[in-house]
Amino acid sequence: MVSGVRSGVAGAGGWARGLCAAGRLGALVLAGRRANGSGAYYDLLTGPGRRFWGESLHFGYFPDGSGTLAAAHDAHTDLVADLARAEGGRVVLDVGCGIAAPAARIARRHGCRVVGVNLSAEQVRQARGLVAARGLTDRVSIERADARRLPFADRSFDAIVCLEAAADICANHAARKRLITELGRVLKPGGHVGFTDFALRASPPAAAVRALRPFLCSSDPQALVCDWPALFAAAGFDVVWQRDILAATQPTWPRVAEAFDRHAATAGSAFWRRLAAHTATRLRRIPPILERYATYPALSAQKPKGPP
Ligand code: SAH
């Protein structure tokens with residue numbers, strides 16, 4: 001999942017420009033995302049969003065409900081890496097890799113080699129910069145590619161990480177099946193996919209959709225209604241662990257709202273102060289809606305070992 005918030009905020013007015021751009025271009029961008037994945041959307045909004053949301057473009061994971069957003073971003077990456085069994089020496093694919101903050105952390109923390117894939121040219125550029133700045137070019141490489149048509153041979157990877165990217169990659173049921181088939185194709189037998197993503201259990205009523213729309217990756221909430229564990233099982237994976245971690249992601253929203261509060265207190269003009277305060281108010285309305293209609297599956301799906 002992504003949002004105008006996650007993608008559109010920074011500095012004196014950068015965040016507001018991102019929000020305004022997202023608002024103005026919403027219909028066009030979202031239509032484009034449905035057709036092409038979300039490459040163009042991220043090309044447009046990543047720059048300012050990075051300074052506001054941070055370098056990990058996912059919800060925080062707050063297992064005990066406390067801590068900073070930055071620590072919760074890392075905890076979320078660690079959870080997915082553990083679910084993928086990303087261990088020393090393994091070659092790990094990170095599909096929808098953002099700007100490679102998770103890939104860099106996994107390579108360093110787990111001693112793996114990581115290949116990140118992203119459709120957004122701008123994010124690929126920033127990801128390569130981040131990898132170089134962290135001195136990890138020998139262990140992390142970034143490819144511009146579509147996760148639904150991966151440019152890798154069968155059985156290329158020991159493990160796969162799919163960290164809050166699947167809903168961005170897949171606009172409908174056919175695309176979800178296509179993605180999971182691709183992951184199964186490039187994963188070695190016995191390897192694991194570590195997966196998390198936001199989804200809806202049911203389509204919310206109109207008022208809730210209006211509240212969520214600026215923050216969702218799809219203009220059509222129905223497109224976010226899906227059961228990822230069931231889809232992995234139907235594709236022949238063994239879902240060896242699964243849990244709904246929605247409650248542990250919910251502190252993300254007040255943390256982001258607090259960042260808007262800070263902008264509201266410090267922005268240079270009354271217009272930006274009002275916009276930041278308005279956005280913070282809207283963000284604080286989100287958790288109860290998600291509690292009612294959303295799910296956030298975390299799972300570890302193993303590709304069967306097959307005959308020796
Ligand atoms: N996993 C990253 C980014 C999550 S945001 C992180 O946690 O930081 C979703 C990511 O999926 C974005 O980087 C977006 O550009 C990428 N993406 C969207 N559609 C894609 C596609 N079809 N193929 C590859 N990447 C895609």
Side-chain angles (χ1 to χ4, degrees), residues 1-8 29-30 32-47 49-50 52-61 69-70 72-81 83-84 86 92-107 114-128 130-131 140 142-152 160-172 174-183 186 193-199 215-218 223-224 245 249 252 296 298:
M1 176 193 167
V2 72
S3 69
V5 170
R6 187 163 86 189
S7 310
V29 168
L30 290 167
R33 293 181 71 196
R34 270 197 290 280
N36 308 315
S38 50
Y41 180 87
Y42 279 101
D43 285 351
L44 180 69
L45 296 172
T46 298
R50 179 175 174 173
F52 176 78
W53 188 272
E55 291 174 333
S56 292
L57 307 179
H58 52 248
F59 289 15
Y61 175 57
L69 183 58
H73 278 155
D74 286 345
H76 193 163
T77 298
D78 297 346
L79 170 71
V80 177
L83 293 175
V92 179
L93 173 67
D94 181 356
V95 284
C97 69
I99 55 170
R105 182 169 173 88
I106 292 166
V114 185
V115 178
V117 162
N118 197 334
L119 195 59
S120 158
E122 174 56 23
Q123 287 198 347
V124 166
R125 190 185 68 76
Q126 293 192 29
R128 288 179 178 152
L130 184 146
V131 169
V140 181
I142 307 297
E143 310 264 341
R144 181 162 189 238
D146 189 333
R148 296 162 297 183
R149 287 178 291 278
L150 289 164
F152 306 114
I160 298 178
V161 164
C162 187
L163 202 181
E164 205 176 291
D168 292 81
I169 294 166
C170 308
N172 54 45
R176 287 191 274 270
K177 282 172 73 174
R178 172 89 199 134
L179 172 67
I180 293 175
T181 302
E182 268 302 80
L183 301 186
V186 300
V193 180
F195 177 99
T196 56
D197 212 345
F198 172 87
F215 310 111
L216 293 181
C217 64
S218 171
L224 289 167
I245 62 165
T249 67
T252 303
Y296 199 107

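Everything numeric in this text was worked out from a predicted model, so none of it was measured. Order of listing sets the numbers, starting from 1, for every ligand and every atom in it.
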Straight-line distance of [X] [atom1] to [Y] [atom2], nearest 0.5 Å:
X: Leu183; Y: Phe195; atom1: CG; atom2: CZ; result: 9.0 Å
X: Tyr61; Y: Thr77; atom1: OH; atom2: OG1; result: 12.5 Å
X: Arg148; Y: Thr181; atom1: CZ; atom2: OG1; result: 13.0 Å
X: Ile169; Y: Arg178; atom1: CD1; atom2: CZ; result: 12.5 Å

Q) How are the rings of His58 and His73 set relative to one another: parallel (under 30°), tilted (30 to 60°) or perpendicular (over 60°)? A)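 Ring orientation, 0 to 90° scale: perpendicular.
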Q.
Yes or no: does Pro102 have any heavy atom under 4.0 Å from an atom of ligand 1?
A.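 Heavy atoms of Pro102 do come under 4.0 Å of ligand 1.
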Q.
I'd like to know whether ligand 1 has Ala145 as a neighbour, heavy-atom separation below 4.0 Å.
A. yes
Q) Is the side chain of Glu143 donor-acceptor paired with the backbone N or O of Val117 at a distance under 3.5 Å, no angle test? A) no
Q. Do Asp197 side-chain atoms and Ala167 backbone N/O form a donor-acceptor pair below 3.5 Å?
A.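 The answer is yes, because a donor-acceptor pair under 3.5 Å joins these two groups.
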Check whether any N or O atom of [X], backbone or side chain, sits under 3.5 Å from an N or O atom of ligand 1, and answer yes or no.
X: Glu164; value: no
X: Ala165; value: no
X: Asp94; value: no

Numbering as shown, the atoms of ligand 1 that approach [X] to under 4.0 Å (heavy-atom distance):
X: Cys97; result: 2 (C)
X: His58; result: 6 (C), 7 (O), 8 (O)
X: Ser120; result: 15 (O)
X: Asn118; result: 13 (O), 14 (C), 15 (O), 16 (C), 24 (C), 25 (N)
X: Leu119; result: 20 (C), 21 (C), 22 (N), 23 (N), 24 (C), 25 (N), 26 (C)
X: Asp146; result: 21 (C), 22 (N), 23 (N)
X: Gly98; result: 2 (C), 3 (C), 13 (O)
X: Ser56; result: 8 (O)

Q: Using heavy-atom distances, let me know which of Gln126, Gln123, Arg149 sits nearest atom 12 (C) of ligand 1.
A: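 The option holding the nearest heavy atom is Gln123.
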Q: Go through the steps for Val115 and Asp94 under the test side chain to side chain contact (heavy atoms under 4.5 Å, CB included), then give the verdict.
A: CA-CA 6 Å; Val115 178; Asp94 181 356; over 6 Å; no
Q: Report the C-alpha distance between Gln123 and Ile142 in whole Å, list the side-chain angles of each, state the deciding distance to 0.1 Å, and finish with yes or no for side chain to side chain contact (heavy atoms under 4.5 Å, CB included).
A: CA-CA 10 Å; Gln123 287 198 347; Ile142 307 297; over 6 Å; no
Q) Taking non-hydrogen atoms only, is Arg148 closer than 4.0 angstrom to ligand 1 via side chain, backbone, both or neither? A) side chain
Q. For His76 and Thr196, does a side-chain donor sit closer than 3.5 Å to a side-chain acceptor?
A.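 Side-chain D/A pair, His76 to Thr196: present.
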